[in-house]
Amino acid sequence: MGGGRADAPLRSFALTGEVRRPVALTVRDLRGGWPQHRAAVTFDCATGGPRNHTFEGPLLREVVSASGPAFDPRGRKDRSRFLLAVTGRDGHHTVLSWAEIDADFGDAPVLLATRMDGRSLEPEGSQLVVPSDRCGARYVSAITRVWVGGCASPP
Ligand SMILES: Nc1nc2c(c(=O)[nH]1)N[C@H]1C(S)=C(S)[C@@H](COP(=O)(O)O)O[C@H]1N2
Ligand SMILES: [Mo]
């Protein structure tokens with residue numbers, strides 16, 4: 001095992017769940033396939049203090065929409081039942097509601113970052129960017145999976 005960047009595996013994440021076209025996406029795919037947005041963010045780590053970063057990348061909702069989430073196409077009501085779970089290589093994972101990022105609901109400009117502070121995230125993989133969060137816990141780095149699905153009626 002070399003471990004150098006030249007022979008490092010191409011990091012991708014699986015976009016999976018209740019989607020019509022599951023896909024594996026690299027940072028290069030994210031950069032080439034969608035408009036890049038920029039977010040200068042400040043968030044706080046409970047154990048490490050405040051952080052300031054500038055991220056670039058496509059909107060999470062645009063990337064997920066392209067995979068065809070299994071919403072009822074007739075209206076907004078079914079969309080409000082969907083969740084996303086984002087997992088990092090170390091197992092850290094977090095959930096968002098679809099409505100949080102849907103332009104008809106919360107409209108949060110959540111990104112799948114391709115760059116942080118001008119540096120490409122190609123070596124480690126994309127990072128979730130939640131500019132409206134005060135806490136850093138949902139800034140999941142080295143994403144390996146984005147799962148999308150409807151939440152059933154609680155028992
Ligand atoms: N994959 C992964 N992403 C993660 C975490 C983690 O443990 N694993 N910690 C989160 C937390 S708690 C914070 S505050 C931010 C910033 O952490 P850093 O400044 O150590 O990068 O990363 C977030 N993203
Ligand atoms: Mo944190």
Side-chain angles (χ1 to χ4, degrees), residues 1-19 21-69 79-103 105-151:
M1 300 288 280
R5 278 177 66 159
D7 59 357
L10 201 57
R11 300 297 194 184
S12 66
F13 68 83
L15 176 46
T16 180
E18 295 176 31
V19 295
R21 293 174 296 280
V23 65
L25 293 169
T26 64
V27 162
R28 196 171 296 185
D29 295 330
L30 294 175
R31 202 174 290 145
W34 292 272
Q36 305 292 293
H37 295 249
R38 179 186 290 255
V41 303
T42 300
F43 60 82
D44 190 59
C45 176
T47 53
R51 304 270 197 276
N52 295 289
H53 292 293
T54 300
F55 291 98
E56 282 172 54
L59 288 168
L60 174 63
R61 65 167 174 254
E62 293 191 352
V63 176
V64 172
S65 291
S67 72
R79 301 207 306 264
S80 74
R81 204 173 53 76
F82 272 66
L83 299 175
L84 303 101
V86 179
T87 307
R89 184 157 290 109
D90 61 356
H92 176 52
H93 58 282
T94 195
V95 297
L96 301 89
S97 68
W98 176 264
E100 244 183 296
I101 61 171
D102 189 311
F105 294 92
D107 198 20
V110 175
L111 304 182
L112 285 167
T114 58
R115 292 181 192 278
M116 180 172 76
D117 302 326
R119 181 179 70 78
S120 173
L121 291 175
E122 234 166 348
E124 60 265 57
S126 181
Q127 178 164 353
L128 190 68
V129 175
V130 192
S132 47
D133 277 8
R134 201 186 63 77
C135 165
R138 293 203 293 181
Y139 281 74
V140 179
S141 57
I143 296 172
T144 54
R145 190 170 69 140
V146 174
W147 175 93
V148 184
C151 183

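Counting starts at 1 for both ligands and their atoms, in listed order. Both backbone and side-chain heavy atoms feed into the values below; hydrogens, waters and symmetry mates do not.
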Quiz prompt | Note: R11-E124 ion pair, threshold 4.0 Å (strictly below) | solution = no
#### Entry: Residues which pass side chain to side chain donor-acceptor pair (under 3.5 Å) with R31, listed by chain and number, not counting sequence neighbours
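Per chain and number, R31 pairs via side chain to side chain donor-acceptor pair (under 3.5 Å) with S120.
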Is there a side-chain contact between V95 and L83 (heavy atoms, below 4.5 Å)? no
So the side-chain hydrogen bond (donor to acceptor under 3.5 Å, both in side chains) pairs with at least one residue in residues 131-145 (sequence neighbours excluded) are E100-R138, D133-R138
Contacts for ligand 1, heavy atom under 4.0 Å, by chain and number, are F43, C45, R51, D90, H92, G136, A137, Y139, V140, S141
Pair up each side-chain donor or acceptor in residues 45-52 with any protein partner under 3.5 Å, not counting sequence neighbours, and list the distances.
unit_1	atom_1	unit_2	atom_2	d
R51	NH1	G48	O	3.1
R51	NH1	G49	O	3.4
N52	OD1	T42	OG1	2.8

> In Å and rounded to the nearest 0.5 Å, what is the CG to CD distance from L30 to E122?
Replying inline: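 One gets 10.0 Å once the value is rounded to the nearest 0.5 Å.
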